[in-house]
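Encoded as structure tokens, the structure appears first; notes follow it.
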Amino acid sequence: MEYNFLEIEKKWQSYWAKNQTFKVETDNSKPKYYVLDMFPYPSGAGLHVGHPLGYIASDIYSRYKTLKGFNVLHPMGYDAFGLPAEQYAIQTGTHPAATTNKNIERYREQLDSIGFSYDWSREVRTCDPEYYKWTQWAFLKMFSHWYNNETQKAESIDSLVKIFEKEGNTNVNAACGTVEIFSAQEWNSMSKKQQANSLMEYRIAYLGETSVNWCAALGTVLANDEVKEGLSIRGGHPVEQRKMNQWQLRVSAYAQRLLDDLDELEWSDSLKEMQRNWIGRSQGAQMLFKVSNGKEEFNLDIFTTRADTIFGATFMVLAPESEWVEKLTTSEQQEAVQEYIQNAKRKTERERMMETRKVSGVFSGSYAVNPFTQEKMPVWIAEYVLAGYGTGAIMAVPAHDSRDYLFAKHFNLPIIPLIEGCDISQESFDAKEGIMCNSGFLNGLSVEQAIPAAIDQVEKRELGKRRVNFRLRDAIFSRQRYWGEPFPIYYKEGIATPVESKELPIELPEVDKYLPTESGEPPLARAKKWTHNGYPLETSTMPGFAGSSAYYLRYMDPNNPNALVSKEANSYWRNVDLYIGGTEHATGHLIYSRFWNKFLYDLGYVCEKEPFKKLINQGMIQGRSNFVYRVKGTNKFVSYGLKNNYHTTEIHVDVNIVHNDKLNIESFKKWMPEYSSAEFILENGEYICGWAVEKMSKSMFNVVNPDLICKSYGADTLRMYEMFLGPLEQSKPWDTNGIDGVHRFLKRFWKLFYKESEFSVSEEKATANELKTLHKLIKKVETDIENFSFNTSVSAFMIALNELYETSCNKREILEPMVILLSPFAPHIAEELWNNLGHNTSVSKAFFPKYIHEYTIEDSFEYPVSFNGKLRYKLTLSNSLSKGEIESVIRENENTLRYLNGASIKKVIVVPKKIINIVC
RNA sequence: GCUCGGGUGGUGGAAUAGGUAGACACGCAGGACUUAAAAUCCUGUAGGCAGUAAUGCCUGUACGGGUUCGAUUCCCGUCCCGAGCACCA
């Protein structure tokens with residue numbers, strides 16, 4: 001019987017569905033293991049080819065863990081809110097829910113055809129009201145909590161109100177916005193609205209004015225991780241900075257914990273590094289400088305990491321958006337400053353970035369005093385200082401900061417070197433090394449010593465204090481969009497008021513159009529009745545990352561109507577043991593989820609402080625394009641190897657009509673009408689195509705659909721081939737050359753079980769060599785899977801098969817364990833063979849075979865080696881060496897052996913000519 | 001500019017507590033079966049030199065040095081590729 005993969009795969013896929021083979025329940029008798037894929041956004045294009053790579057890896061791992069006796073949670077769902085469905089709705093009027101459901105159906109079909117072992121009874125969709133109820137619930141919790149820096153955790157806002165009533169806010173150390181100090185008396189005499197405004201500054205989910213990335217083309221604000229190089233990630237539209245009143249999440253309160261807890265995660269170094277960068281902790285000092293605009297005096301505060309360079313500070317710089325600009329601009333400079341700021345405002349973020357290194361600035365008219373040198377320092381305004389970082393103002397030390405240096409050179413400001421022997425004639429000396437000079441009491445100290453010494457002095461003189469600054473900003477949480485979670489907030493007499501949690505979910509209303517209103521309000525403002533208790537509801541919706549921030553918790557207890565996740569389910573499944581997905585979420589989803597989880601941890605709803613213990617990033621899949629070469633001005637195509645003899649134009653050709661870089665000429669003629677009469681110049685009777693690695697895209701005709709491969713080779717081949725392609729974490733082109741090799745392996749494996757088209761296995765005892773083959777394989781597959789080195793374990797199967805073919809071994813003792821080993825990789829064929837071997841339960845219920853060391857030890861013997869008649873040590877030699885060979889080994893390796901003489905050598909393994917292993 | 005990865009045959013890639021470099025697979029070449037093709041099976045395949053041959057020798061893991069009996073692996077320098085961050089004071 002032939003290996004009929006289509007029939008076998010269909011048969012077992014429906015068997016698994018019918019028997020709910022992969023359904024899991026909490027089971028305290030077994031250890032748990034939680035394997036999670038980053039759930040996909042169901043786009044109209046169907047499953048992206050990069051997706052299966054990670055999914056297959058996670059499926060192999062979870063099937064392996066199941067065989068190892070773990071109770072494995074391996075769920076799947078959909079990140080279903082998102083821009084594409086909404087934009088399609090704007091164009092066509094189709095409800096985004098309809099588009100989304102249709103796409104989900106297609107995704108499900110594709111996923112099913114690859115044979116994944118998901119427990120579909122746990123599916124979640126972020127756009128399902130039963131799910132987003134819990135997104136809204138978490139938001140309300142954040143609204144009703146504040147972050148206490150003393151206890152380093154979130155606490156109830158009611159407790160804060162009690163403190164305010166008793167003693168005001170003087171003793172409260174909270175992560176908060178800018179607040180005036182008030183006493184208990186002042187608090188109690190405030191109006192309701194004033195109190196609400198004050199509390200808003202403390203809430204973890206808060207409404208506040210902030211500079212946002214506004215994307216006019218999309219009509220919405222975007223988070224920092226949704227913008228790249230001044231363009232929106234979705235669509236590539238220009239983004240500008242705008243001040244707007246937006247919902248935000250106080251992620252910055254958790255910056256230190258997000259940073260510290262990275263250490264205990266098993267994530268790749270590069271990913272942790274990216275997060276550290278994004279969090280951007282820097283240690284330094286906040287310092288006060290006396291400034292005067294000629295009429296009034298102020299204390300301007302700045303942040304610096306180089307307090308040691310204070311003696312070289314010759315001017316100050318403010319960000320154009322800084323609130324100090326107004327106070328410090330003198331009347332003479334008013335006009336110039338106005339013009340500069342208007343100019344800066346008009347520029348988009350992108351333009352600002354393009355102009356990096358182009359020096360611009362304007363003098364404010366005010367002067368500060370250097371507290372150590374008493375020198376007068378002009379206060380400037382320049383774009384290179386950012387409003388959002390530190391205090392939006394700096395002391396400029398041109399000798400030791402390249403940006404200050406360029407600025408000083410351009411505007412002819414004084415530059416004072418502070419490091420002995422440094423050359424600052426061409427550029428600044430930024431390195432934190434050397435011996436201080438021109439620096440009063442710091443002279444003679446190294447930079448390393450000078451930094452703390454300077455801060456000590458600053459603190460002593462009450463000019464400032466130590467401070468840690470983070471780059472991580474609060475997450476902007478409002479989107480002026482339709483297709484997202486509505487906020488459970490309504491406005492009662494102008495006060496943002498939470499909806500009672502028992503009234504959740506606040507469901508997305510129907511609207512006549514998915515566009516903003518004429519007055520520029522978000523689409524939800526079009527809804528007929530968008531009120532709660534008679535008051536207007538918030539019209540923004542939540543961003544994409546809202547729904548994906550806690551979905552891994554919902555999988556633990558997906559149908560619970562009373563809680564996001566029950567205590568029992570959470571304390572059994574705890575957190576994700578293995579998370580697989582792309583790096584593109586490094587600074588978005590993976591930060592927000594960690595924040596969300598820590599918040600829920602503070603409140604006692606979850607028992608682990610980190611959501612994802614181990615994380616693997618599967619590499620990006622690029623496209624591998626093929627080219628044909630048209631001779632210029634003709635309809636003749638010349639084969640790759642001969643193209644240099646002609647003037648040719650390179651043309652992309654659909655990779656689906658090319659096999660192993662050979663063009664299928666008939667398909668090519670039919671591909672496009674203009675090629676129907678094409679002529680070809682062949683080499684050796686074939687047309688060879690050129691190729692290149694490019695981005696996978698329709699326009700380059702290099703998109704390969706996984707369904708197609710399932711149809712022509714089978715899912716098992718697809719699964720094994722994708723793993724065989726190379727290391728999981730490495731980016732690589734999607735290249736189907738070579739898929740035949742893996743397919744051939746499966747066919748050959750199948751044939752071991754079939755003699756003359758009859759299924760037949762022998763009950764005979766296995767030979768020593770056969771056992772050795774099996775146990776080498778068990779060991780290899782086990783360690784490879786544990787190390788996520790799936791490509792080498794596929795190779796190991798091939799090697800084992802080649803060895804078994806030598807004796808056409810069809811013994812049950814060998815083949816039955818091999819079927820189990822193969823089942824994570826190629827589950828359908830394994831299931832069929834397992835069934836034929838006489839088992840009536842799924843192979844996934846079997847146990848991973850045990851590796852027995854004795855079967856794989858090499859035969860060897862010890863050989864004494866002596867120099868000058870004195871026995872030095874024994875060589876362990878392979879049994880197959882003859883006496884002559886041993887002597888020649890000793891001769892050849894005399895140098896090595898003399899070196900070994902005297903060392904405490906336990907074992908030396910030698911093969912003809914070479915020493916291959918020395919065990920000390 | 002800074003940070004982190006990575007450079008191995010015609011191709012994808014194996015092998016690093018330093019120990020037979022190129023496993024496995026693709027491709028290619030030759031052969032068997034076949035009227036033929038497909039499928040299948042067998043043999044060869046880093047490069048160079050010598051030999052009728054079995055075989056032997058030399059050179060080879062981006063480049064240049066170093067440590068070592070021994071380096072693809074460790075150290076220093078250079079070049080190239082990829083990813084991320086980017087006026088963060």
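Below, read A as the first sequence line, B as the second, and so on, with proteins coming before strands; counting in each chain starts at 1. Since the structure is predicted, the reported quantities are computational estimates derived from the model, not experimental observations.
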**Request:** Would you mind reading off the distance between A/Glu427 atom CD and B/G1 atom C1', rounded to a whole angstrom?
**Result:** 11 Å
**Message:** Starting the side chain at C-beta, find the nucleotide from B/A14, B/U40, B/A89 nearest to A/Thr305.
**Reply:** B/A89
**Fill in**
When rounded to whole Å, the NZ to P distance for the pair A/Lys732 and B/A25 reads 19 Å
**Fill in**
Rounded to whole Å, the CZ-C1' distance (A/Phe429 to B/A89) equals 18 Å
**Item:** Side chain of A/Ile799 - closest among B/A14, B/A89, B/A23
**Value:** B/A23
**Prompt:** Would A/His400 and A/Thr309 count as having a side-chain donor-acceptor pair, cut-off 3.5 Å?
**Reply:** no
**Request:** Please determine if a side-chain N or O atom of A/Asn802 lies less than 4.0 Å away from the OP1 or OP2 oxygen of B/A25.
**Result:** yes
**Message:** Quick one about A/Ser428 and A/Asp430 (side-chain donor to acceptor, distance below 3.5 Å, no hydrogens or angles considered), yes or no?
**Reply:** yes
**Prompt:** With nearest nucleotides of RNA chain B determined for A/Asn737 and A/Thr583 from heavy-atom distances, which residue corresponds to the more 5′ nucleotide?
**Reply:** A/Asn737
**Asked** Do you see a donor-acceptor pair shorter than 3.5 Å between the side chains of A/Arg466 and A/Gln283?
**Response** no
**Request:** Look at the side-chain N and O atoms of A/Arg744 and state whether any lies under 4.0 Å from the OP1 or OP2 oxygen of B/A25.
**Result:** no
**Item:** Distance between P atoms of B/U68 and B/A15 (Å, rounded)
**Value:** 29 Å
**Prompt:** Quick one: is A/Tyr389 getting a side-chain N or O under 4.0 Å of the B/A89 phosphate, OP1 or OP2?
**Reply:** yes
**Asked** Say you pick atom P in B/U11 and the same atom in B/G66; how far apart are they, in whole Å?
**Response** 31 Å
Check the interface with nucleotides 2-5 of chain B: list each N/O to N/O pair with the protein under 3.5 Å, or write none.
none

**Prompt:** Between A/Met395 (CE) and B/A89 (P), how many Å, whole number?
**Reply:** 13 Å
**Complete:** Walking RNA chain B from its 5' end, the first of A/Ala796 and A/Ser282 to be reached, judged by nearest nucleotide, is A/Ala796
**Asked** Should A/Lys747 be listed as having a side-chain N or O under 4.0 Å from OP1 or OP2 of B/C41?
**Response** no
**Request:** Please state the P separation for the pair B/A23 and B/G13 - nearest whole angstrom.
**Result:** 15 Å
**Presence of A/Arg276 side-chain N/O under 4.0 Å of B/G84 phosphate oxygens OP1/OP2** = no
**Request:** Quickly work out the A/Asn617 CG to B/G82 C1' distance and round it to whole Å.
**Result:** 15 Å
**Message:** Taking atom CD as the centre, does A/Glu448 end up with more than 12 heavy-atom neighbours from other residues, nucleotides or ligands that are less than 6.0 angstrom away?
**Reply:** no
**Prompt:** Looking only at side-chain N and O atoms, does A/Arg624 come under 4.0 Å of OP1 or OP2 in B/U11?
**Reply:** no
**Request:** Ignoring the backbone of A/Thr792, work out which of B/C41, B/A89, B/A15 is nearest its side chain.
**Result:** B/A15
**Prompt:** Looking only at side-chain N and O atoms, does A/Gln622 come under 4.0 Å of OP1 or OP2 in B/G82?
**Reply:** no
**Message:** Suppose you measure atom P in B/U78 against the same atom in B/G10; what distance do you get, rounded to whole Å?
**Reply:** 29 Å
**Item:** Side-chain donor-acceptor contact under 3.5 Å, A/Tyr384 with A/Asp404
**Value:** yes
**Asked** In whole Å, what separates the C1' atom of B/C80 from that of B/A62?
**Response** 7 Å
**Integer angstrom distance from the P of B/A53 to that of B/G70** = 36 Å
**Message:** Counting neighbours of CG on A/Asp263 that are heavy atoms of other residues, nucleotides or ligands and sit closer than 6.0 Å, is the number greater than 12?
**Reply:** yes
**Backbone of A/Ile424 reached by a side-chain donor or acceptor of A/Tyr405 within 3.5 Å** = yes
**Message:** Looking only at the aromatic ring of each residue, does the gap between the centers of A/Phe790 and A/Phe724 stay below 6.0 angstrom?
**Reply:** no
**Message:** I'd like the P distance from B/G48 over to B/A37, given in whole Å.
**Reply:** 32 Å
**Message:** Does B/G84 have its OP1 or OP2 closer than 4.0 Å to a side-chain nitrogen or oxygen of A/Thr587?
**Reply:** no
**Distance-only polar pair, side chains of A/Thr792 and A/Ser789, donor-acceptor under 3.5 Å** = yes
**Prompt:** Tell me: CD1 of A/Ile451 to P of B/A89, nearest whole Å?
**Reply:** 12 Å
**Message:** Students often get this wrong, so: under 4.0 angstrom with heavy atoms, is A/Pro733 touching a base, only sugar-phosphate, or nothing?
**Reply:** nothing
**Distance-only side-chain donor-acceptor flag, A/Thr736 / A/Tyr713, under 3.5 Å** = no
**Prompt:** Which listed nucleotide (B/A14, B/A25, B/A23) is nearest to the side chain of A/Ser795?
**Reply:** B/A23
**Message:** Do the side chains of A/Lys779 and A/Glu782 get close enough for a salt bridge, i.e. N-O under 4.0 angstrom?
**Reply:** no
**Request:** Assign A/Arg748 to base, sugar-phosphate, or nothing according to its heavy-atom contacts below 4.0 angstrom with the strands shown.
**Result:** sugar-phosphate
**Prompt:** Roughly how far apart, to the nearest Å, are B/U52 and B/G47 at atom C1'?
**Reply:** 23 Å
**Prompt:** A/Lys662 has a side chain; which of B/C28, B/C24, B/C87 sits nearest to it?
**Reply:** B/C28
**Request:** Select one nucleotide: of B/A25, B/C87, B/A23, the one nearest the side-chain heavy atoms of A/Tyr384.
**Result:** B/C87
**Message:** As a test of your reading of the structure, name each stem of RNA chain B as range with range, where a stem is three or more consecutive Watson-Crick or G-U pairs at under 3.5 Å.
**Reply:** B:1-7 with B:79-85, B:10-12 with B:24-26, B:27-32 with B:40-45, B:46-50 with B:55-59, B:62-66 with B:74-78
**Asked** Picking from B/G84, B/A14, B/C87, which would you name as closest to the side chain of A/Asn791?
**Response** B/A14
**Message:** A/Val781 and side chain to side chain contact (heavy atoms under 4.5 Å, CB included): which single residue from A/Asp784, A/Leu777, A/Ile778 fits?
**Reply:** A/Leu777
**Message:** Could you check whether A/Glu729 and A/Asn617, counting side-chain N and O atoms only, form a donor-acceptor pair closer than 3.5 Å?
**Reply:** no
**Prompt:** For A/Trp734 and B/G13, what is the distance between atoms CH2 and P respectively, to the nearest whole Å?
**Reply:** 15 Å
**Asked** Is B/G6 in the syn range, within 90° of 0, or in the anti range?
**Response** anti
**Asked** Expressed in angstrom and rounded to an integer, what is the separation of A/Ile621 atom CD1 from B/G12 atom P?
**Response** 15 Å
